[in-house]
Amino acid sequence: MTGAPLPAPRGPLSAALLDTLRGSPVPDPPPPLPADPYGDDLQLSLYVLYELHYLGFDGVPDDREWDPRLLALRAELEARFLHALRTDVPVELTATATQALDELQLEPVGEVDGSLSHFLRDHGTLDHFRQYAAVRSLYHLKEADPHAWVIPRLRGRAKAAMVAVEFDEFGGGRADEIHAQLFADLMADLGLDTSYGHYLDAAPAEALATVNQMSLFGLHRALRGALVGHFATVEVTSSPASRRLAEALRRMGAGPAAVRFYTEHVEADAVHEQVVRHEVVAGLLADEPHLEPDVVFGIRTTDHLETRLAAHLLNTWQNDHAEQEKDRVTTT
Ligand SMILES: [Fe+2]
Ligand SMILES: [Fe+2]
């Protein structure tokens, strides 16, 4: 078995979908689609449908990946999600990919609100980091996989450079250096379960949306520009954030494998950033200049969904802190 266990449902749609994957007949009529495109029921259903294209689920036959009824449902959910993203992340006609990437790199001065890596470095506990790593494991245990889908859709410079970066992400020929494996090593160091998909039930809808976005962009050739924008955003923002996360783990007294995942990304992603900016993005736009708004859309959408996830986690942690303070005051 290489896949994950099926998760718990989060509403009528995901309940019906999970029953269907366990072998029940497709419900007729189908359950209504959830109203909230960012909510648990829609995001979990979409996540489960996408997972059929990765390692799948234990007990679900591999050929359900191409079940036309599941693909039809996926298309409806994708349309809702994409419509919400297009509404919430406008792209003006004059926006350029270079500007959009530069905007990501403006480092705020002083106390930083809304940044997970700043919070974890300056105030976080080991328990916060465990929660963070568990939630992130949904992506990092398949790190770089959704981006590989874009390779056949690229040509020339963009293709060569994309493959060069992906080669590093996949360990440069060494299984023990695959970044997903380095993340599993980090999880083991933090005392977390490293099995694939183990923390799906623990992940909030905001985290599912960040992974669904990559799968959506990766699986659709029409969204290749957005996928490249997403990839560029990850590489451009990773190096400074990884430095802060390595500092956080050192301060918390975590083991060397945990720290290594981030120190590896400080070095690697400083190089990847340059390759992605000057070869992947510039190469794609030299070939297909009409894709520039899509690249910007991919960059800004990534920022939009990451901001929502950060707000959710920071809010949870701040509420926990407030509860503890209340307990402390009432017991003293
Ligand atoms: Fe990586
Ligand atoms: Fe990278």
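Order of appearance sets the numbers: ligands from 1, and atoms from 1 within every ligand.
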Determine, step by step, whether D269 and V234 satisfy the side-chain contact (heavy atoms from CB on, under 4.5 Å) criterion, reporting the C-alpha distance in whole Å, the side-chain angles of both residues, the deciding distance to 0.1 Å, and the verdict.
CA-CA 9 Å; D269 288 340; V234 172; 5.8 Å; no

R136 to F183, cation-pi by 6.0 Å centre distance and 45° axis angle
no

Proximal heteroatom of H272 relative to the Fe ion (ligand 2) (N/O/S)
ND1

What do the steps show when you test R260 against L186 for side-chain contact (heavy atoms from CB on, under 4.5 Å), and what is the final call?
CA-CA 8 Å; R260 165 133 200 253; L186 167 145; over 6 Å; no

Which angle, to the nearest 10 degrees, do you find at the Fe ion (ligand 1) between ND1 in H179 and OE2 in E143?
110°

Name, closest N/O/S atom of E169 to the Fe ion (ligand 2):
OE2

Restricting D269 to its N/O/S atoms, the closest one to the Fe ion (ligand 2) is OD1

Give me the one residue out of Y50, Y54, F217 that meets side chain to side chain contact (heavy atoms under 4.5 Å, CB included) with P146.
Y54

